[in-house]
**Student:** 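Can you read through this structure? Questions will come right after.
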Amino acid sequence: MTTTAPLDAPAPAPVWARRAAHAVALCALPSGLWRVAMASGIYVGYSDQVLREVFDIPGWGVAYVVGLSVVVEVAALFPLLLVGDRWRPLSPRTLASVSWTVSGCLVVLALWQLVVAFTVESRTYMESGAAQTVWWFVFAPLFAVPFLMTAVTWSYAKRHRARPRV
């Protein structure tokens, strides 16, 4: 006797959605590693004085920067819930609503980060042009996250739309 999936089971996630979900986690990785390097004392473009006075490193700033890296990485794994077929912590409708909310927040956050990145104050702490270039390469992948998350959310919502009962 073979078992079949129930009639109301959603279609599996398309390959492009799975790749996009994994790309979100990979986009967050460079900036997380950069923050951990900064917290561990590796030169990332800030003088020791800036690290002490602005970021409180060494001190509580280390916990904040490492904690921020961990939170961002864990949050970057969220899209994998939308393409996985095994574990669902929420109902599909609720998870879709949460996902759309997260996607919208990510778009707003990305726009805000662009504003912050181009302000005078945020650029004056870096010591050299090379450090700023590295900073841009490390943080640039984060700007792809809102678009990737929106695509994965769209795919999830499309697959989990309410179907009429037969």
Side-chain angles (χ1 to χ4, degrees), residues 13 16-84 86-91 94-157:
W16 67 264
R18 290 183 184 275
R19 288 182 180 158
H22 285 86
V24 170
L26 292 176
C27 285
L29 191 61
S31 61
L33 293 174
W34 184 88
R35 284 188 210 99
V36 169
M38 181 174 84
S40 63
I42 297 173
Y43 178 75
V44 293
Y46 296 119
S47 69
D48 290 337
Q49 180 183 1
V50 169
L51 287 175
R52 274 191 312 276
E53 294 176 5
V54 177
F55 297 106
D56 198 22
I57 295 175
W60 284 102
V62 173
Y64 170 75
V65 169
V66 172
L68 178 63
S69 296
V70 170
V71 167
V72 167
E73 288 300 325
V74 169
L77 296 175
F78 175 73
L80 296 176
L81 283 176
L82 303 177
V83 297
R86 296 186 183 167
W87 183 66
R88 299 255 188 267
L90 302 169
S91 71
T94 304
L95 193 56
S97 297
V98 169
S99 300
W100 281 118
T101 303
V102 168
S103 293
C105 290
L106 286 172
V107 169
V108 170
L109 182 66
L111 293 173
W112 175 250
Q113 287 302 312
L114 280 174
V115 169
V116 170
F118 286 111
T119 61
V120 175
E121 184 179 345
S122 66
R123 299 169 86 197
T124 57
Y125 293 132
M126 286 279 178
E127 289 187 338
S128 68
Q132 278 187 328
T133 303
V134 170
W135 185 89
W136 276 106
F137 277 115
V138 167
F139 282 88
L142 291 178
F143 292 110
V145 170
F147 304 107
L148 294 169
M149 181 66 189
T150 302
V152 172
T153 299
W154 176 80
S155 170
Y156 180 82

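Keep in mind that this is a model prediction, so the values were computed, not measured.
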**Student:** Can you tell me how far the CD1 atom of I42 sits from the CH2 atom of W34, to the nearest 0.5 Å?
**Tutor:** 12.0 Å

**Student:** Minimum heavy-atom separation for I57 and G61, please, with both atom names.
**Tutor:** CG1-C, 3.8 Å

**Student:** So do P30 and F137 actually touch side chain to side chain, heavy atoms under 4.5 Å?
**Tutor:** no

**Student:** Within this structure, what is the OG-CE distance for the pair S31 and M38, rounded to the nearest 0.5 Å?
**Tutor:** 11.5 Å

**Student:** How close do V152 and A20 get, heavy atom to heavy atom, and via which atoms?
**Tutor:** CG2-CB, 3.6 Å

**Student:** Heavy atoms, side chains only, cut-off 4.5 Å: are L82 and T153 in contact?
**Tutor:** yes

**Student:** Kindly state whether the ring of W135 and the ring of F139 have centres lying under 6.0 angstrom apart.
**Tutor:** yes

**Student:** Quick check: closest heavy atoms across A131 and G45, and the distance to 0.1 Å?
**Tutor:** CB-CA, 3.4 Å

**Student:** So, the side chain of T150 versus the backbone of P146: is there a donor-acceptor pair under 3.5 Å, distance only?
**Tutor:** yes

**Student:** If I take atom SG from residue C27 and atom CE from residue M149, how far apart are they, to the nearest 0.5 angstrom?
**Tutor:** 13.0 Å

**Student:** For R35, enumerate each residue passing the side-chain hydrogen bond (donor to acceptor under 3.5 Å, both in side chains) test, keeping only those at least two apart in sequence or located in another chain.
**Tutor:** none

**Student:** Could you tell me if the side chain of L148 sits less than 4.5 Å from the side chain of P79, heavy atoms only?
**Tutor:** no

**Student:** At their closest point, which heavy atom of A39 faces which heavy atom of V62, and how far apart are they?
**Tutor:** O-CG2, 3.7 Å

**Student:** Check whether more than 12 heavy atoms from other residues, nucleotides or ligands sit under 6.0 Å from atom CZ of F78, and answer yes or no.
**Tutor:** yes

**Student:** Could you give the side-chain donor-acceptor pairs of residues 68-77 under 3.5 Å, partners two or more places apart or in another chain?
**Tutor:**
residue	atom	partner	partner atom	Å
S69	OG	G32	O	3.4
S69	OG	V65	O	3.1
E73	OE2	L29	N	3.2

